[in-house]
Number of protein chains: 2
Amino acid sequence: MDQHRSGCPINLTLEILGDGWSLIVIRDVMFGNRRHFRELLGQSEEGIASNILSARLKRLLAEGLLVKHPDPTHRQKSIYSLTEAAIQLVPLLVQMGAWGRRHTPVSRELSIRAQLLEEGGPQMWADFMDELRHIHLGAPAPEKSVLAELQDAYLRVVAGQTDVGTT
Amino acid sequence: MDQHRSGCPINLTLEILGDGWSLIVIRDVMFGNRRHFRELLGQSEEGIASNILSARLKRLLAEGLLVKHPDPTHRQKSIYSLTEAAIQLVPLLVQMGAWGRRHTPVSRELSIRAQLLEEGGPQMWADFMDELRHIHLGAPAPEKSVLAELQDAYLRVVAGQTDVGTT
DNA sequence: TCCAACTGATTGCAATATGCAACTTGTTGT
DNA sequence: ACAACAAGTTGCATATTGCAATCAGTTGGA
């Protein structure tokens, strides 16, 4: 049934995530905790078109990176959640952020999270993944919130306090 | 001059590498040591088309991920080399391989390298990057060759010796 | 010299994907 | 009843991909 170009793990990952938008959607669900279509559509920096977002969500559901549940507060609303497979993209996204921070013209506000995650190392990534398992898979809540830490740092930078230390 | 969608490091990385072929080309130069157009064209598992390869090489040169030098043995031949920026993609490629190995139908032969690199950890990645700096940037040769280790393991698996240990 | 094989591409064309704006169907709160 | 909102879909212009054929310069051998 499958029409894969090859059995190489890098290639197969690329066949799923190798386009301009899939990882943007996952990033927004993961770091921005955007769970509804309209949140993903309107509040992203990059401005994805609604038909593209629709197609990507459909594909990510089919690939098993997202699941969707009805929202009890609104019959037409759906809540998109990360699966374990998507949560395991955390190290990949961290490395993408780390590379981008060194080799592309990132903005300070939008790269502070990447910096903290890079500096936090594998332990912080694991803590973050546990937190995502709590948020998206219903696992028990971890003691402290990496997401809140990241958000706090982001807000501090936006507020102009640049005393975070550069790397 | 630049028309970026946003200053987010993940987005900017995606704008450079977020397509189906760029990382395949870099993978082949990096792990397969393919340095000429024809080597990249013909010997890859996935079968890239020549116009796409041509366009990708042009883009990767422009983005500063590859450089090209004339080949003394043939006036029309060029040798493509990785830049430091491309060499720093090693951790990203390792994470892609690790994710693909867990969540896609990889083949054993083509994923043994990914397994070894994942198990080798950051020290092995650093060793590998030093070796790439030797091969592509003219840095001094490291004592042992990670590339040879990976290739040996690959050949052992192809030969049918599956005593490598699974993860 | 002539010519076949090899070099890194380019061209033409059909199929697919993207980007944008408008529209649709159904839901909710007032 | 009705305006605002939810999650998409549709139409259409443009851009990108995939595939086969082709091209011009280079090289080595007969």
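Just so it is clear, the model here is predicted, and its values are computed rather than measured. To find a chain, count down the sequence lines: A is the first, B the second, and so on, and within it residues start at 1.
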Should A:W99 and A:V90 be counted in the same cluster of Ile, Leu, Val, Met, Phe, Trp and Tyr side chains packed under 4.5 Å apart?
yes

When you check the phosphate oxygens OP1 and OP2 of [N], does a side-chain N or O of [X] lie under 4.0 Å from one of them?
X     : N      : value
A:Y80 : D:dG8  : yes
A:K58 : D:dA7  : no
B:K68 : C:dA9  : yes
B:K77 : C:dA9  : no
B:S54 : C:dT10 : yes

Check whether NZ of the Lys or CZ of the Arg A:R113 lies under 6.0 Å from the centre of the six-membered ring of A:Y154 and within 45 degrees of that ring's axis.
yes

Aromatic B:W21 / basic B:R27 pairing, under 6.0 angstrom, 45° off normal:
no

With a 4.0 Å cut-off, would you call A:E63 and A:R59 a salt bridge?
yes

Separation of [X] atom [atom1] from [N] atom [atom2], in whole Å?
X     : N      : atom1 : atom2 : value
B:L40 : C:dA9  : CG    : P     : 11 Å
B:L61 : C:dG8  : CG    : P     : 13 Å
A:I48 : D:dA7  : CD1   : P     : 14 Å
B:L14 : C:dT18 : CG    : P     : 12 Å
A:D71 : D:dA7  : CG    : C1'   : 12 Å
A:L41 : C:dA21 : CG    : C1'   : 13 Å
A:R35 : D:dA6  : CZ    : C1'   : 17 Å
B:L60 : C:dA9  : CG    : P     : 13 Å

For the residue pair B:D127 and B:K144, what are the closest heavy atoms and their distance?
OD2-CE, 4.4 Å

Residues which pass side chain to side chain donor-acceptor pair (under 3.5 Å) with B:R56, listed by chain and number, not counting sequence neighbours
B:D19

One should read off an interatomic distance between A:I26 CD1 and A:T83 OG1, to the nearest 0.5 angstrom, of 8.0 Å

Under a 4.0 Å heavy-atom criterion, the protein footprint on nucleotides 16-30 of chain D, written with B, S and -, is -SBB-B--BBSS---

To the side chain of A:H36, which of D:dA7, D:dG8, C:dA9 is closest?
D:dA7

